[in-house]
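Reviewing the structure listed below.
For ligands, and for the atoms within them, numbers begin at 1 and follow the listed sequence.
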Amino acid sequence: MKSDENIRLDALRAIRVEFGFVKAALKRLSTLHASAPRPREGHVFTIVGESRSGKTTILDLHEEKFASPGPRPRRVARLTLLSKCNERTLAASVLEAMGDPAASTNSRVQSLTRIPMVSKTMGVEMIIIDEAQHLVNRRNKEINYDAADAIKVLADLVGIPIVLAGTEDLDRLIAANLQLEGRLRGRIAIAPFDVSSDDSFKELRCFLRYYDLEMPFPMTGGLHEPHLARAIHSATSGLIGLITRLLQRSGELAIDDGRPFIDLYHLGCAWEELTASSAYGRSLSNPFDRLREPKREEKPQRSD
Ligand SMILES: Nc1ncnc2c1ncn2[C@@H]1O[C@H](COP(=O)(O)OP(=O)(O)OP(=O)(O)O)[C@@H](O)[C@H]1O
Ligand SMILES: [Mg+2]
């Protein structure tokens with residue numbers, strides 16, 4: 001049996017918040033999902049944002065909304081693109097994502113032309129391809145035109161929406177392939193929170209408020225308070241993935257500590273620990289230190 005502490009740690013790691021830009025993106029995906037299939041008229045949609053900006057989480061939330069209990073219908077076929085991708089491997093991954101039993105056992109059927117039939121049989125309404133920037137070589141920026149072309153052919157064959165998610169290289173891929181570009185029906189850009197914009201700062205505070213409420217503690221930590229929200233932003237450059245990692249680690253420390261909420265001490269310690277990874281910008285001084293009273297153990301002792 002799991003201890004109370006482990007249950008709380010699991011709950012902490014499972015937090016996902018639907019708010020602001022996440023809600024807006026989910027709404028657009030739902031509208032796209034509801035559009036009628038138009039065979040021979042491919043439509044492609046992109047979600048672009050830097051690493052840890054929250055793209056995959058949005059796709060997860062969308063997929064969960066359309067999940068069905070049995071293997072059929074498989075309303076969303078979801079795959080992650082590998083860098084070494086050609087027409088055949090793309091077809092194989094799409095068929096597998098659609099739940100085609102033959103594709104996994106018989107490599108001869110792994111062809112794009114089989115996909116429309118499988119798509120219909122399995123009740124697929126949308127194809128989601130994550131990490132689509134893998135079609136651009138990270139080092140020399142060379143574009144995998146064959147695979148990009150295969151996505152275009154796939155879009156025309158199925159007529160259902162194809163969502164491509166990836167980092168900014170995905171924009172380059174679309175721009176460099178006129179035929180793919182011609183099928184682009186929309187794009188969502190996901191940016192880190194920006195404290196110089198009132199709207200974005202409001203959205204950050206809203207996210208922190210919801211996150212705080214979801215944390216497995218009897219009391220909230222006031223994370224959305226402006227001074228704390230600003231410190232969290234400066235500690236993480238506003239990237240949602242870095243914010244959640246900081247909050248998770250702080251939460252773990254607070255649970256370990258037996259405290260009823262996370263405080264500046266936990267945030268500061270978590271930040272110190274995580275700055276070992278360059279993603280957090282090691283040159284900064286600890287943004288939580290200046291908000292903090294003297295450390296608990298440094299607090300003046302009462303002399304009786
Ligand atoms: N709405 C959200 N609520 C809670 N946590 C979130 C949310 N969005 C993102 N996160 C957290 O941020 C981290 C990064 O998010 P995600 O993996 O979705 O980013 P990504 O843009 O797909 O990154 P990459 O390009 O590196 O794959 C994840 O651990 C995720 O749990
Ligand atoms: Mg991702």
Can you check whether Y211 has an N/O within less than 3.5 Å of an N/O in ligand 1?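 No, there is no polar N/O contact under 3.5 Å.
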Look only at interatomic distance and state if R52 has a nitrogen or oxygen under 3.5 Å from any nitrogen or oxygen of ligand 1.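 By distance alone, the answer is yes.
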Among all protein heavy atoms, pick the one closest to [atom] and tell me residue, atom and distance.
atom: atom 26 (O) of ligand 1; result: S51 OG, 2.5 Å
atom: atom 17 (O) of ligand 1; result: T56 CB, 3.9 Å
atom: atom 30 (C) of ligand 1; result: T57 OG1, 3.6 Å
atom: atom 19 (O) of ligand 1; result: G54 N, 3.1 Å
atom: atom 21 (O) of ligand 1; result: K55 NZ, 2.7 Å
atom: atom 13 (C) of ligand 1; result: G241 CA, 3.5 Å
atom: atom 11 (C) of ligand 1; result: T244 OG1, 3.4 Å

Could you check whether atom [atom1] of [X] has more than 12 heavy atoms from other residues, nucleotides or ligands sitting under 6.0 Å from it?
X: E142; atom1: CD; result: no
X: K120; atom1: NZ; result: no
X: E63; atom1: CD; result: yes
X: K141; atom1: NZ; result: yes
X: R88; atom1: CZ; result: yes
X: R138; atom1: CZ; result: no

Using the test salt bridge (Lys or Arg N to Asp or Glu O under 4.0 Å), find all partners of D130 that sit at least two apart in sequence or belong to another chain.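 Scan of D130 (salt bridge (Lys or Arg N to Asp or Glu O under 4.0 Å), adjacent residues dropped) gives none.
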With a 4.0 Å cut-off on heavy atoms, does [X] reach ligand 1?
X: E50; result: yes
X: S53; result: yes
X: E131; result: yes

For distances below 2.8 Å, what is the count of protein N, O or S atoms around the Mg ion (ligand 2)?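 Protein heteroatoms (N, O, S) closer than 2.8 Å to the Mg ion (ligand 2) number 1.
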Which value, rounded to the nearest 0.5 Å, describes the distance between L204 atom CG and I232 atom CD1?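 It comes to 7.5 Å.
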Between L274 and L242, is there a side-chain heavy-atom distance shorter than 4.5 Å?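 They are not in side-chain contact.
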With a 4.5 Å cut-off on side-chain heavy atoms, are I188 and I58 touching?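 No, every pair of side-chain atoms sits at 4.5 Å or beyond.
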For [X], the ligand 1 atoms whose distance to one of its heavy atoms is below 4.0 Å:
X: V17; value: 1 (N), 2 (C), 3 (N), 4 (C)
X: R16; value: 3 (N), 4 (C)
X: I15; value: 4 (C), 5 (N)
X: V22; value: 1 (N)

Distance alone, cut at 3.5 Å: any donor-acceptor contact between the side chains of H266 and D257?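 Checked: H266/D257 side chains pair up, N/O donor to acceptor below 3.5 Å.
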Is it true that D263 and R259 have a side-chain N and a carboxylate O under 4.0 angstrom from each other?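 Between R259 and D263 there is a salt bridge, with a charged N closer than 4.0 Å to a carboxylate O.
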Validation row, ring centre H33 to ring centre F66 under 6.0 Å: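 Centroid separation for H33 and F66: below 6.0 Å.
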Centroid separation under 6.0 Å, is that true for the rings of F217 and F261?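 So the answer is no for these two rings.
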